[in-house]
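Take a look at the structure below.
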Number of protein chains: 2
Amino acid sequence: MKLKEFAKQLGLSPTTVSRALSGYPEVSEITRARVAEEAVRLGYRPNVNAVRLKTGRVGAIGVVMGRAGEFHFAEFMAGMAEQLVGEDTDILVIPLADANYEEEMQLYRRLVESRRVDAIIMHSPRPNDERIALLHKLGMPFLVHGRSDIDVPHAWLDIDNEGAVRRATSHLMDLGHTRIAMINGRPGATYALHRDNGYRNALQVRGIEFDPELVASGNFTDELGFRFARSFLEQPNPPTAIVAGSMMTALGVYRAARSLGLQVGRDVSVIAHDDVFPYLSADNMAPSLSATRSSMRAAGTRCADLVLQLLAGRSASEIHELWPVELILRESTGPMR
Amino acid sequence: MKLKEFAKQLGLSPTTVSRALSGYPEVSEITRARVAEEAVRLGYRPNVNAVRLKTGRVGAIGVVMGRAGEFHFAEFMAGMAEQLVGEDTDILVIPLADANYEEEMQLYRRLVESRRVDAIIMHSPRPNDERIALLHKLGMPFLVHGRSDIDVPHAWLDIDNEGAVRRATSHLMDLGHTRIAMINGRPGATYALHRDNGYRNALQVRGIEFDPELVASGNFTDELGFRFARSFLEQPNPPTAIVAGSMMTALGVYRAARSLGLQVGRDVSVIAHDDVFPYLSADNMAPSLSATRSSMRAAGTRCADLVLQLLAGRSASEIHELWPVELILRESTGPMR
DNA sequence: TTTCGAAACCAAATCGTTTTCAAATTGGAA
DNA sequence: TTCCAATTTGAAAACGATTTGGTTTCGAAA
């Protein structure tokens with residue numbers, strides 16, 4: 001059913017029908033009601049592609065997804081979906097073809113030129129991320145989930161990674177630990193840098209010297225958690241506490257401790273960062289896991305909301321949200337013995 | 001840069017340019033090359049929305065995502081992305097607003113009417129799933145990931161859940177186990193039914209009576225894995241083996257066993273279904289986990305491919321793929337003691 | 001030289017909306 | 001009754017591509 005046909009059935013012009021459905025004021029309430037009602041009855045819906053061509057609006061937010069298929073991703077999107085449902089805005093997943101830097105810039109360029117999305121959400125930016133400069137230059141509305149210190153105005157939402165790790169590390173020192181290891185995410189991203197800062201900062205305040213033997217970084221996998229933790233704990237002068245980057249990492253760390261006959265929370269303390277997954281909770285681990293916590297799903301919801309605001313005209317340079325991170329103490333942390 | 005403008009710069013008509021870029025034969029190779037080259041140089045790209053309006057093709061595949069935000073989802077999509085990259089086809093995530101049945105049918109109806117996607121991929125269908133009948137009736141190309149026995153032609157790809165669980169259960173019986181528990185997914189979906197069939201079937205062949213006290217079902221979470229396993233193992237006549245529905249469930253089962261002082265692989269055998277996640281591998285668990293294995297990511301890739309074939313005109317009724325599931329034996333299974 | 005067919009190109013219609021600008025209707029005041 | 005402003009409605013021009021149905025060009029055959 002097309003607009004023209006539908007309008008004829010109603011004995012109205014396409015103009016009026018279009019206006020009635022789009023909520024313009026210059027149409028009487030009585031006609032509007034009739035149009036709305038008949039639209040449902042006769043099953044008329046505007047052709048999205050025609051609307052998009054005419055208005056220039058696409059009705060979709062692009063989310064760039066790395067090849068890795070991180071487990072965070074589904075949660076973030078589920079959060080976005082929560083906000084976007086009923087908003088007539090879709091989520092378009094943009095697969096990142098390649099790690100190749102030049103290709104990646106091309107991807108963004110093409111994405112903008114092809115006008116398939118109204119806005120973009122970008123994850124895990126680098127400190128000086130040229131993608132941000134590019135999107136800004138191209139005039140595409142975008143929001144960064146994470147942070148960058150590049151000197152270009154941009155909207156962002158980030159959690160306080162530095163503070164989170166600083167507090168976690170400090171707490172471990174409060175418990176008497178002085179040799180504390182940290183497993184970070186892949187180097188390059190700002191969040192990894194922030195976590196590193198938080199860690200070093202906490203040590204420095206207490207006058208504990210930084211030991212490069214006690215830090216490692218890589219993807220957030222169970223396997224790397226295990227391997228790094230093993231290598232830490234087998235050192236001649238092993239750490240008595242470990243700060244882990246993610247829940248998956250923590251699983252590996254627990255396993256490493258057990259494999260060496262060490263009891264988590266007694267022989268070795270562990271704190272991890274928890275994005276709050278419905279299928280794997282820190283509270284349920286054994287022993288229950290002390291964690292710095294911030295809901296990925298909530299971040300997704302808020303990011304979607306902020307993007308909508310951006311599209312509604314709010315200035316990108318006034319959208320900056322830094323979310324505090326909770327530190328939840330459970331059984332995996334205990335006093336140094 | 002618009003087509004008209006671009007064509008003028010080249011001294012050609014829009015017609016010829018359009019044809020040159022779309023690979024039509026009635027344009028000389030020499031002009032085609034020139035057009036292609038200049039398009040890159042001058043940065044001309046057809047406006048997607050105009051193309052879509054004119055051709056009726058949207059260039060997007062819709063994937064319906066449940067509210068739960070399952071961890072499988074990211075893997076499946078990463079797989080799809082692998083196939084779709086460079087295909088000029090996007091992935092559109094369709095959030096499922098509500099569990100309400102009527103609403104869900106409405107969602108599909110609106111989705112079709114709004115013409116935002118060329119095809120739909122649906123997950124976890126029910127045995128008699130009216131959504132399938134609806135999509136068929138509405139003439140929307142779609143592919144079902146999973147199976148339904150509804151009497152309507154439809155394309156599907158599924159893994160052999162029944163066979164997988166049957167083999168897993170049989171293997172446990174080969175090892176001498178006779179009391180075998182199973183943790184299934186949420187009842188309703190066909191895959192849960194198939195797994196149940198596989199389980200009962202295996203028991204029946206050996207003449208072991210089905211005990212309702214030994215089965216449970218629910219979301220695939222660590223927590224439920226733990227709770228169900230605990231309740232099984234604390235029964236007066238506890239099972240000596242457990243078949244678990246997912247990796248997360250298995251984590252809970254391991255935890256439950258440990259919490260009762262039981263050693264997995266010796267005191268209690270465990271087999272789980274593994275969708276192959278890059279961040280959590282059965283091989284790395286301690287003890288390593290015996291599993292029925294099938295890659296979710298590969299399924300995503302293949303599903304995307306099949307949808308493209310569907311859109312290219314291949315008949316839905318000839319697209320049926322049943323993937324075998326590997327049974328990988330590791331340390332978590334051992335002879336009955 | 002003329003004729004013909006294939007090869008290469010083009011003008012204009014079309015896809016289904018939104019929106020500008022103009023016309024018609026209405027209702028109250030004069 | 002007449003007039004005017006405010007309220008409703010419409011006709012037609014976009015939006016930017018694809019595609020139908022020609023027209024031109026060119027070389028070879030007649």
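Order of the sequence lines sets the chain letters (A, B, ...), proteins ahead of strands, with each chain counted from 1.
- Relative ring orientation between B:H123 and B:H145 is described as perpendicular, the plane-to-plane angle rising above 60° on a 0-90° scale split at 30° and 60°.
- Nearest nucleotide to the B:T15 side chain, out of D:dT20, D:dA11, D:dA17: D:dT20.
- D:dC15 atom C1' lies 16 Å from atom CZ of A:R57, rounded to whole Å.
- The residues B:R314 and B:E318 are annotated as salt-bridged, a charged nitrogen and a carboxylate oxygen being separated by less than 4.0 angstrom.
- Between the P atom of D:dT18 and the CG atom of A:N49 lies a distance of 13 Å, rounded to the nearest Å.
- Judged as a side chain to side chain donor-acceptor pair (under 3.5 Å), and not counting sequence neighbours, A:N49 has no contacts.
- Side-chain contact annotation: A:S18 with A:T15, donor-acceptor N/O pair under 3.5 Å absent.
- When DNA chain C is scanned in the 5' to 3' direction for atoms under 4.0 Å from non-hydrogen atoms of chain B, the outermost contacting nucleotides are C:dA8 to C:dG16.
- Of the side-chain N and O atoms in A:S13, none sit less than 4.0 angstrom from OP1 or OP2 of D:dA11.
- Between the side chain of A:H136 and the main chain of A:L134, no donor-acceptor pair closer than 3.5 Å is present.
- With respect to B:E113 and B:R110, no salt bridge is recorded, no charged nitrogen being found less than 4.0 Å from a carboxylate O.
- Using a 3.5 Å distance cut-off with no hydrogens or angles, the side chains of A:S114 and A:R116 do pair a donor with an acceptor.
- Rounded to whole angstrom, the span from the CG atom of B:N47 across to the P atom of D:dA14 amounts to 17 Å.
- In the interface, the side chain of A:K54 is paired with the base of D:dA14 through a donor and an acceptor atom under 3.5 Å apart.
- Bending across the helix from C:dT1-D:dA30 to C:dA30-D:dT1, expressed as the angle between its end axes from five pairs apiece, amounts to 70° (10° rounding).
- In the interface, the side chain of A:R19 is paired with the base of D:dG10 through a donor and an acceptor atom under 3.5 Å apart.
- Proximity of the aromatic rings of B:F71 and B:F277 is defined here by a centroid distance below 6.0 angstrom, and this criterion is met.
- In terms of modelled atom types and a separation under 3.5 Å, the side chain of B:D129 and the main chain of B:R131 share a donor-acceptor contact.
- Listed nucleotides D:dG16, D:dT8, D:dT18 differ in distance to B:T55; the shortest reach to its side chain belongs to D:dT18.
- Distance, A:R32 CZ to D:dT9 P: 10 Å, rounded to whole Å.
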